[in-house]
Amino acid sequence: MAQHFLLSAASRTLSIRQIYKAAEDAAYQTFCEMRWPETNGEAVCPRCGHDETYQITTRRKFKCKACAHQFSVTSGTIFASRKMDFVDLLAAICIIVNGAKGISMIQLSRDLDCQYKTAFVLAHKLREAMAQEVQTGEVLQGHVEIDGAYFGGHIRPENLKADRKDRRLKAHQTGKRRVVIAMRERVGRTLPFVSTNEGEGVALANENVCRMATMSADEASHWDMLHIGWAVDRVNHSECYSDHGKHTNMVESYFSRLRRMVSGQHHHVSPQYLHQYANHAAWLEDNRRFDNGELAHRLVANAMGAPVSRNWKGYWQRAA
């Protein structure tokens, strides 16, 4: 039997040892090449677009010959105002792409020998960079599967049975339970959204699925409205998971990864940031057939192309 790609040597093209062996200068050059691929890493002024600059080598900065603007390779990107070395940033990216089900921030902080706060913000910035590939604004085509899965809002039962409440009643809910609604092409992308009700997935499908596409869904009653706009295959999961090609196994595979990420690695995810974890799982699921070196370079390129994070730049300073 043929060996699975993820078990082969071809899937391992980058390692932490290689990154630190190449040292800081090589990591810095990688970021330059990802920031300015059209000039092979030669700096281009982000203010006026001029491609002739002076190098301020003592501070790893550039000065534009046209407008005299000073900038660095991370200016205006998601890594703006970073303090970590480039080799540590590249190592963090390698660690995150290697985590098929995510990685806890405690483990990342120990691997990088940094504070928990640093690892937490860095990982969320990288999830924003991943979202550049996931939330592209393009409609899904071909055959699209749609489903929803609920996360969070767990109510811990009381110790004594007499004190326990009916956790199904709305009066006893925490209000933190959310549903991730995912639409996934049979051959292609995964597009997740976070909502409070799975029935809102019909409106999301109207906005994000091509009218020429076909769809698959389970027997939940709110998916009945999909028949108005598309040819829809339905499968009753109480009877079977696949019925002669009618299934939602692809989107369920995505939920399997997301559940293991949330319950196995992070243990608790705030509903405020659930959408970032959903995008992270979608990026991993869609790119699972690429080697880890390719994944790391794609993530660096996304980070260099993403704007300054308004949600995460100065996150802990705002909290203080």
Side-chain angles (χ1 to χ4, degrees), residues 99-110 115-117 119-121 123-124 127 145-184 190 192-204 217-226 234-243 247-282 284-285 311-312 315-316 318-320:
K101 304 294 191 302
I103 184 171
S104 73
M105 296 304 96
I106 288 290
Q107 181 178 342
L108 183 61
S109 67
R110 289 173 176 173
Q115 290 189 30
Y116 172 86
K117 295 179 178 181
F120 180 81
V121 170
H124 274 295
R127 292 185 185 106
E145 299 178 8
I146 186 170
D147 202 0
Y150 284 87
F151 294 85
H154 173 72
I155 304 171
R156 187 174 180 178
E158 298 291 342
N159 178 43
L160 298 177
K161 184 177 181 180
D163 296 334
R164 294 175 188 169
K165 301 173 182 178
D166 188 347
R167 294 179 288 175
R168 297 170 296 179
L169 298 179
K170 186 176 181 180
H172 301 151
Q173 298 295 314
T174 64
K176 297 182 179 180
R177 191 165 177 79
R178 296 291 185 272
V179 59
V180 176
I181 300 168
M183 292 165 279
R184 186 175 186 188
T190 306
F193 296 93
V194 176
S195 183
T196 56
N197 190 334
E198 189 178 4
E200 297 177 14
V202 177
L204 292 171
D218 58 27
E219 284 293 314
S221 59
H222 45 257
W223 300 131
D224 294 344
M225 297 297 294
L226 294 175
R234 307 291 290 276
V235 58
N236 189 343
H237 285 164
S238 63
E239 297 180 358
C240 62
Y241 293 109
S242 178
D243 183 14
H247 63 82
T248 57
N249 291 345
M250 298 295 290
V251 73
E252 292 290 355
S253 175
Y254 161 74
F255 284 132
S256 176
R257 185 185 296 265
L258 181 58
R259 286 193 186 282
R260 283 158 177 76
M261 178 184 291
V262 171
S263 61
Q265 288 287 351
H266 304 294
H267 303 301
H268 169 74
V269 170
S270 168
Q272 182 180 1
Y273 302 123
L274 179 58
H275 67 283
Q276 290 202 271
Y277 293 94
N279 288 330
H280 183 183
L284 290 172
E285 185 73 11
N311 293 324
W312 294 103
Y315 175 82
W316 292 107
R318 291 197 302 271

**Request:** Using the salt bridge (Lys or Arg N to Asp or Glu O under 4.0 Å) rule, take E158 and R164 through it: C-alpha gap first, then chi angles, then the decisive distance, then the call.
**Result:** CA-CA 5 Å; E158 298 291 342; R164 294 175 188 169; over 6 Å; no

**Message:** Please evaluate residues E145 and H247 with respect to the criterion side-chain contact (heavy atoms from CB on, under 4.5 Å), reporting the C-alpha separation (whole Å), side-chain torsions for both, the decisive distance (0.1 Å), and the verdict.
**Reply:** CA-CA 8 Å; E145 299 178 8; H247 63 82; 3.3 Å; yes

**Message:** Quick check for you: to the nearest 0.5 Å, what is the distance between Q265 atom CD and Y277 atom OH?
**Reply:** 11.0 Å

**Request:** Return the minimal non-hydrogen interatomic distance between S238 and N236, and the atom names on each side.
**Result:** OG-OD1, 2.6 Å

**Request:** Grab the two heavy atoms, one from A100 and one from L284, that are nearest each other, plus how far apart they are.
**Result:** O-CD1, 3.6 Å

**Under the ring-ring contact (aromatic ring centres under 6.0 Å, His included) test, residues paired with H222 that sit two or more places apart** = none

**Request:** Indicate the atoms forming the closest heavy-atom contact of G148 with W223, along with that distance.
**Result:** N-CZ2, 4.5 Å

**Request:** Locate the shortest heavy-atom distance separating I181 from G201; write the atom from each residue and the value.
**Result:** CD1-N, 3.5 Å

**Request:** Report the C-alpha distance between R234 and D243 in whole Å, list the side-chain angles of each, state the deciding distance to 0.1 Å, and finish with yes or no for salt bridge (Lys or Arg N to Asp or Glu O under 4.0 Å).
**Result:** CA-CA 9 Å; R234 307 291 290 276; D243 183 14; over 6 Å; no

**Request:** Go through the steps to decide whether L226 and I146 satisfy the test side-chain contact (heavy atoms from CB on, under 4.5 Å), and finish with yes or no.
**Result:** CA-CA 10 Å; L226 294 175; I146 186 170; 3.8 Å; yes

**Prompt:** Is it the case that S109 and Q115 place a side-chain donor and acceptor less than 3.5 Å from each other?
**Reply:** no

**Request:** Mind checking the CD1-NZ spacing from I155 to K165? Nearest 0.5 Å is all I need.
**Result:** 9.0 Å

**Distance under 6.0 Å and angle within 45° of ring axis: R259 vs F151** = yes

**Request:** Report the distance from atom CZ of R184 to atom OG of S253, rounding to the nearest 0.5 Å.
**Result:** 5.5 Å

**Request:** Could you check if a side-chain atom of H266 sits within less than 4.5 angstrom of a side-chain atom of K101, using non-hydrogen atoms only?
**Result:** no

**Request:** Any chance you could measure S195, atom OG, to E200, atom CD, to the nearest 0.5 Å?
**Result:** 3.0 Å

**Message:** Classify the ring geometry of H124 against Y273: parallel below 30°, tilted from 30° to 60°, perpendicular beyond 60°.
**Reply:** tilted

**Message:** Working to the nearest 0.5 angstrom, can you tell me the gap between N311 CG and R127 CZ?
**Reply:** 13.5 Å

**Message:** Once rounded to the nearest 0.5 Å, what's the spacing between atom CZ of F120 and atom CD1 of I106?
**Reply:** 11.5 Å

**Asked** Do V235 and C240 touch side chain to side chain, with heavy atoms closer than 4.5 Å?
**Response** yes

**Prompt:** Among D147, V194, V262, which one satisfies side chain to side chain contact (heavy atoms under 4.5 Å, CB included) with V180?
**Reply:** V194

**Request:** Could you verify whether a donor N or O on one side chain and an acceptor N or O on the other, from Q276 and W312, lie under 3.5 Å apart?
**Result:** yes

**Asked** So with a 6.0 Å cut-off around OH of Y150, is the heavy-atom count from everything else above 12?
**Response** yes

**Message:** Please find the pair of heavy atoms, one from R178 and one from L274, that lie closest to each other, and give the distance.
**Reply:** CB-CD2, 3.8 Å

**Prompt:** Hey, is the main chain of V251 close enough, under 3.5 Å, to the side chain of T248 for a donor-acceptor pair?
**Reply:** no

**Item:** Side-chain heavy-atom pair R167, H154 within 4.5 angstrom cut-off
**Value:** yes

**Asked** What pairs with H275 under ring-ring contact (aromatic ring centres under 6.0 Å, His included), at least two apart in sequence or on another chain?
**Response** none

**Fill in**
In terms of heavy-atom contacts, V202 and M225 come closest through CG1-CB, 3.8 Å

**Prompt:** What do you reckon, is CG of D166 surrounded by more than 12 foreign heavy atoms closer than 6.0 Å?
**Reply:** yes

